[in-house]
Amino acid sequence: MDLSDLKLLRERSGMTQEDIAIRLGTTKGSISNWEANPQNLSIIKLKQYLDVVGGTLSDFEKKEKVQQ
């Protein structure tokens with residue numbers, strides 16, 4: 001899994017961008033931007049996003065280790 005999979009994680013969780021925005025106290029536009037440009041996302045925001053959709057940072061670490 002890599003950062004480009006944020007949208008996929010959200011869709012699998014059955015949540016909309018609006019749902020996540022409400023839970024995180026941000027806007028739908030911010031969530032859209034995070035999914036489109038995940039490389040600009042801080043680790044703190046990424047962790048918050050993943051907490052909402054049921055993902056973990058270790059999901060991304062596993063792929064990194066496999067690719068190395």
Side-chain angles (χ1 to χ4, degrees):
M1 184 173 293
D2 61 31
L3 288 178
S4 65
D5 294 325
L6 290 180
K7 181 179 177 183
L8 178 63
L9 283 172
R10 175 181 54 79
E11 290 172 342
R12 284 184 182 167
S13 74
M15 299 184 83
T16 66
Q17 289 177 339
E18 185 74 23
D19 295 332
I20 294 174
I22 290 168
R23 298 260 317 257
L24 296 179
T26 190
T27 65
K28 179 183 170 186
S30 290
I31 302 302
S32 176
N33 187 45
W34 295 356
E35 291 177 352
N37 302 295
Q39 67 278 6
N40 297 331
L41 192 55
S42 73
I43 196 75
I44 293 168
K45 293 292 185 189
L46 175 60
K47 172 101 173 63
Q48 291 172 339
Y49 182 101
L50 293 173
D51 287 345
V52 171
V53 299
T56 65
L57 290 174
S58 63
D59 293 334
F60 297 96
E61 293 169 1
K62 290 174 189 171
K63 183 171 183 178
E64 267 306 303
K65 289 178 183 175
V66 170
Q67 289 179 348
Q68 291 178 353

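Because the structure is predicted, anything quoted here is derived from the model rather than measured. These values consider heavy atoms only, across backbone and side chains, with no hydrogens, waters or symmetry-generated copies. Numbering of residues begins at 1 and proceeds along the displayed sequence.
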Show your working on side chain to side chain contact (heavy atoms under 4.5 Å, CB included) between N33 and N40 and close with a plain yes or no. CA-CA 9 Å; N33 187 45; N40 297 331; 5.7 Å; no
Worksheet item: Given the rule in the side chain to side chain contact (heavy atoms under 4.5 Å, CB included) test, do L6 and L46 qualify, once you have shown the distances and angles that lead to the verdict?
Response: CA-CA 9 Å; L6 290 180; L46 175 60; 3.8 Å; yes
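Taking each heavy atom of S4 and P38 in turn, the nearest pair found is N-CG, 4.2 Å.
A distance of 8.5 Å separates NZ in K7 from OG in S32, rounded to the nearest 0.5 Å. Y49 OH to T26 OG1: the interatomic distance, rounded to the nearest 0.5 Å, is 12.0 Å.
Linking ILVMFWY residues whenever their side-chain heavy atoms come closer than 4.5 Å, directly or via other members, places I43 and V53 in the same cluster. A single hydrophobic cluster is seen to contain both M15 and L41, as judged by linkage of ILVMFWY side chains at heavy-atom distances under 4.5 Å, directly or through other members. Residues L50 and L8 are members of separate hydrophobic clusters, defined by side-chain heavy-atom contacts under 4.5 angstrom among Ile, Leu, Val, Met, Phe, Trp and Tyr.
The shortest distance between side-chain heavy atoms of V52 and D19 does not fall below 4.5 Å. Annotation: side chain of Q39 is in contact with side chain of N37 (closest heavy-atom distance under 4.5 Å).
Scanning for side chain to side chain donor-acceptor pair (under 3.5 Å) contacts around Q17 gives E35, with sequence neighbours left out. Taking the salt bridge (charged side-chain N to carboxylate O under 4.0 Å, His left out) definition, one finds that K47 meets it with D51, sequence neighbours left out.
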